[in-house]
Undergrad: 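Questions regarding the structure given below will be posed in turn.
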Amino acid sequence: MDGQEAVVERFDAIVVGAGFAGMYMLHRLRERGLSVRVFEAGNDVGGTWYWNRYPGARCDVESVEYQYGFSEELVRGWTWTERYAAQPEIMRYAAYVARQLDLRRDIQFNTRVTAAAYDESSNNWTIETDQGDRVTAQFCIMATGCLSASRVPEIPGLDSFKGDWHHTGAWPHEGVDFTGKRVAVIGTGSSGVQSIPLIAEQAERLFVFQRTPNFSLPALNAPMAPDYVEHWKEHFMAERKRVRATNSAAFIPLNDQSALEVDPEERQRHFEERWKKGGFVFITSYNNILDNLEANRLTADFVREKIRQTVKDPKVADLLAPTNHPIGTKRLCLDTNYFETYNLPHVTLVDIANTPIERITPDGLIVDGHEYQVDSIVFATGFDAMTGALLRIDIRGKDGLSLRDKWEAGPRTYLGLAIAGFPNLFMITGPGSPSVLVNVIIAIEQHSDWIMDCIDHLRANGLNEIEAEPDAEDRWVKHVNEKADSTLYPLANSWYLGSNVPGKPRVFMPYVGGFANYDKICKEVVAKGYEGFRMG
Ligand code: NAP
């Protein structure tokens with residue numbers, strides 16, 4: 001960044017991103033009288049939901065839970081229509097919130113932040129965008145999302161492909177018509193699992209290229225009965241308060257019993273009962289599924305059996321039944337007719353676990369010497385999760401320290417909120433916080449409220465600067481790692497660990513210690529006068 005260029009505008013705070021985090025943060029900052037500018041790369045609010053418009057895109061947190069909880073008025077004024085809201089409905093909800101809170105006037109759309117640099121003499125951040133903006137602000141708040149930096153893998157030959165190709169995380173707004181086409185889908189995570197059944201409905205021929213099979217549970221999505229909706233509106237505020245005091249931060253009831261202490265018939269009956277409810281309630285059937293290998297195996301066996309019962313060709317069923325990671329250690333998927341889709345005669349599963357896609361040709365893809373000829377390729381290949389969106393911005397803290405250099409061996413944060421060497425910079429749902437392991441809207445509200453209280457504290461005490469102390473950061477990173485190592489999570493190659501991105505350091509990024517525990521720690525830090533932070 002050239003320090004000689006003229007600064008155009010000055011704000012109290014800059015927020016990067018207008019997804020659910022940026023929207024709420026803007027509301028909070030403005031409520032407290034701060035001048036704020038939000039920069040958003042998309043043309044609308046909604047964040048990840050703005051970009052992920054692929055067929056079947058749907059939230060896998062129940063819609064009654066996937067909403068803000070800070071305003072009863074907002075809750076009462078919005079009516080969800082399905083158990084799991086589809087992407088267009090979530091976008092309508094985001095638009096509703098933006099309208100109710102009059103957010104758009106402070107959001108600059110179609111603008112990507114490219115650089116942010118801290119000036120120690122003025123305690124200000126200077127932020128630059130791809131539209132030529134150059135603004136300063138005392139606080140810079142990264143609401144950049146955990147799953148927003150989509151990733152197309154480097155497969156040689158993509159440039160030569162004659163057909164069209166799309167990434168699920170950057171789907172064309174006008175939609176894609178696959179009618180009569182031969183289509184390749186690469187990737188079988190949540191995005192692949194959701195889109196494959198719908199692409200199969202249109203395509204003449206569908207090839208699914210699977211590197212790792214995933215565990216998927218039936219969503220059992222359905223329209224919501226009006227009396228259920230009303231019930232939720234009535235009880236939402238109390239229920240949200242209650243779940244915020246739990247470690248799962250979800251309405252899903254955990255059966256606080258070991259899977260190993262019940263007899264096999266009872267366990268089978270209980271699994272079946274929860275399976276029939278649909279959704280993630282299945283994975284909380286017992287309290288030790290995610291930290292005891294035997295409990296996990298019993299749970300996984302039940303799901304593998306369900307896959308075998310659904311998929312008619314035993315060889316295909318074997319390929320689809322995951323055996324290389326404990327269930328739940330890669331993000332679980334929820335689906336509608338995913339496994340059933342492989343019974344369709346025009347759908348072929350191509351196992352690329354040991355024979356990666358060699359290259360893309362003008363007419364298709366080559367695997368194990370065989371060319372699969374297709375008209376369209378869908379990359380459901382995921383994201384540079386949790387750190388990608390931050391590191392794509394050239395962020396420089398004290399003494400010009402680059403975040404890319406600081407995080408070369410993996411992300412280091414204090415509480416997932418702040419970074420030593422980067423004063424007055426905050427992250428919402430940053431690495432080292434519960435974020436993607438809980439209902440992210442609850443995580444967003446908790447972080448934004450903490451940040452707002454912190455800024456209030458600085459202003460009330462005439463302080464200009466807050467910075468995480470290196471030793472507090474070291475202790476936090478150690479704690480996050482120890483928590484992860486006490487679970488089965490590190491046994492899977494997952495995006496939680498960055499293993500989906502070649503060359504990315506293998507570090508377990510989210511905090512598995514539980515939402516309520518984490519919230520308590522954040523409150524204690526404040527109660528002890530912002531312990532672990534230096535203020536001045
Ligand atoms: P993902 O879970 O990372 O899945 C990406 C898939 O692409 C994996 O199957 C991966 O295989 C495969 N892949 C990546 N690079 C590849 C390559 N070079 N060659 C072949 N295969 C490759 O990404 P996602 O499905 O987009 O989901 C990411 C997260 O977003 C989810 O876990 C979830 O948290 C969130 N999400 C939520 C919803 C929802 O609310 N319903 C929907 C979509 C996404 P490997 O497993 O072997 O790496």
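Remember, it's 1-based here, ligands and their atoms both numbered in the order they're listed. This one's a predicted model, so the numbers in the text were calculated from it and none came from an experiment.
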Undergrad: Taking atom 2 (O) of ligand 1 as the point of reference, which of Trp49, Trp495, Phe209 owns the nearest heavy atom?
TA: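 Considering heavy atoms of Trp49, Trp495, Phe209, the nearest to atom 2 (O) of ligand 1 sits in Trp495.
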Undergrad: Is it true that Lys306 and Glu272 have a side-chain N and a carboxylate O under 4.0 angstrom from each other?
TA: yes
Undergrad: Looking at ligand 1, does any of its N/O atoms fall within less than 3.5 Å of an N/O of Tyr54?
TA: no
Undergrad: Given that the side chain starts at C-beta and the backbone is N, CA, C, O, which of these parts of Ile352 lies under 4.0 Å from ligand 1, counting heavy atoms, or is it both or neither?
TA: side chain
Undergrad: Please give me the minimum heavy-atom distance between Tyr496 and Val436, naming the atom from each residue.
TA: CE2-CG2, 4.0 Å
Undergrad: What atoms of ligand 1 come closer than 4.0 angstrom to any heavy atom of Ile186?
TA: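 The atoms of ligand 1 under 4.0 Å from a heavy atom of Ile186 are 20 (C), 21 (N).
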Undergrad: Which pair of non-hydrogen atoms, one from Pro502 and one from Arg151, has the smallest distance, and what is that distance?
TA: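 Nearest heavy atoms, Pro502 then Arg151: CD-NH2, 3.3 Å.
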Undergrad: At a non-hydrogen distance cut-off of under 4.0 Å, which region of Pro153 contacts ligand 1 (side chain, backbone, both, or neither)?
TA: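 For Pro153, only side-chain atoms sit under 4.0 Å from ligand 1.
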Undergrad: Which of the atoms in ligand 1, numbered in the order shown and given with their element, are less than 4.0 Å from a heavy-atom of Thr188?
TA: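 Every atom of ligand 1 under 4.0 Å from some heavy atom of Thr188: 6 (C), 8 (C), 9 (O).
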Undergrad: Which of the numbered atoms in ligand 1 are under 4.0 angstrom from any heavy atom belonging to Gly187?
TA: 6 (C), 7 (O), 9 (O), 12 (C)
Undergrad: Can you classify the ring geometry of Tyr518 versus Tyr511 as parallel (below 30°), tilted (30 to 60°) or perpendicular (above 60°)?
TA: tilted
Undergrad: Contact between Leu147 and ligand 1, counting heavy atoms under 4.0 Å?
TA: yes
Undergrad: With a 3.5 Å cut-off and sequence neighbours excluded, list the donor-acceptor pairs that the side chains of residues 185-197 form with protein atoms.
TA:
residue : atom : partner : partner atom : Å
Thr188  : OG1  : Thr212  : O            : 2.9
Gln194  : OE1  : Tyr54   : OH           : 2.6
Gln194  : OE1  : Arg58   : N            : 3.4
Gln194  : NE2  : Arg58   : O            : 2.8
Ser195  : OG   : Ser191  : O            : 2.8
Ser195  : OG   : Gly192  : O            : 3.4

Undergrad: Could you say whether the N/O atoms of Ala380 and ligand 1 ever approach to under 3.5 Å?
TA: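 Between Ala380 and ligand 1 (N or O atoms, distance only) the closest approach is under 3.5 Å.
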Undergrad: Just checking, any donor-acceptor pair under 3.5 angstrom between side chains of Glu82 and Asn221?
TA: yes
Undergrad: So for ligand 1, is Asn214 a polar contact partner (N or O within less than 3.5 Å, distance only)?
TA: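 No, since none of the N or O atoms of Asn214 sits under 3.5 Å from an N or O of ligand 1.
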Undergrad: Of the choices Ser150, Ser148, Ser190, which has the non-hydrogen atom that lies closest to atom 33 (C) of ligand 1?
TA: Ser190
Undergrad: With under 30° as parallel and over 60° as perpendicular, where do the rings of Trp165 and Phe379 fit, or are they tilted in between?
TA: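 Trp165 vs Phe379 ring planes: perpendicular.
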Undergrad: Would you say Asn493 and ligand 1 have an N/O pair spaced under 3.5 Å apart?
TA: no
Undergrad: Under a 4.0 Å N-O cut-off, is there an ion pair linking Asp318 with Lys315?
TA: no
Undergrad: Under 4.0 Å from ligand 1, counting heavy atoms only, is it the side chain of Asp60, its backbone, both or neither?
TA: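 Both of them.
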Undergrad: Polar contacts were defined as any N/O atom of the residue lying under 3.5 Å from an N/O atom of the ligand; does this apply to Gln194 and ligand 1?
TA: yes
Undergrad: Between Leu103 and His27, is there a side-chain heavy-atom distance shorter than 4.5 Å?
TA: yes
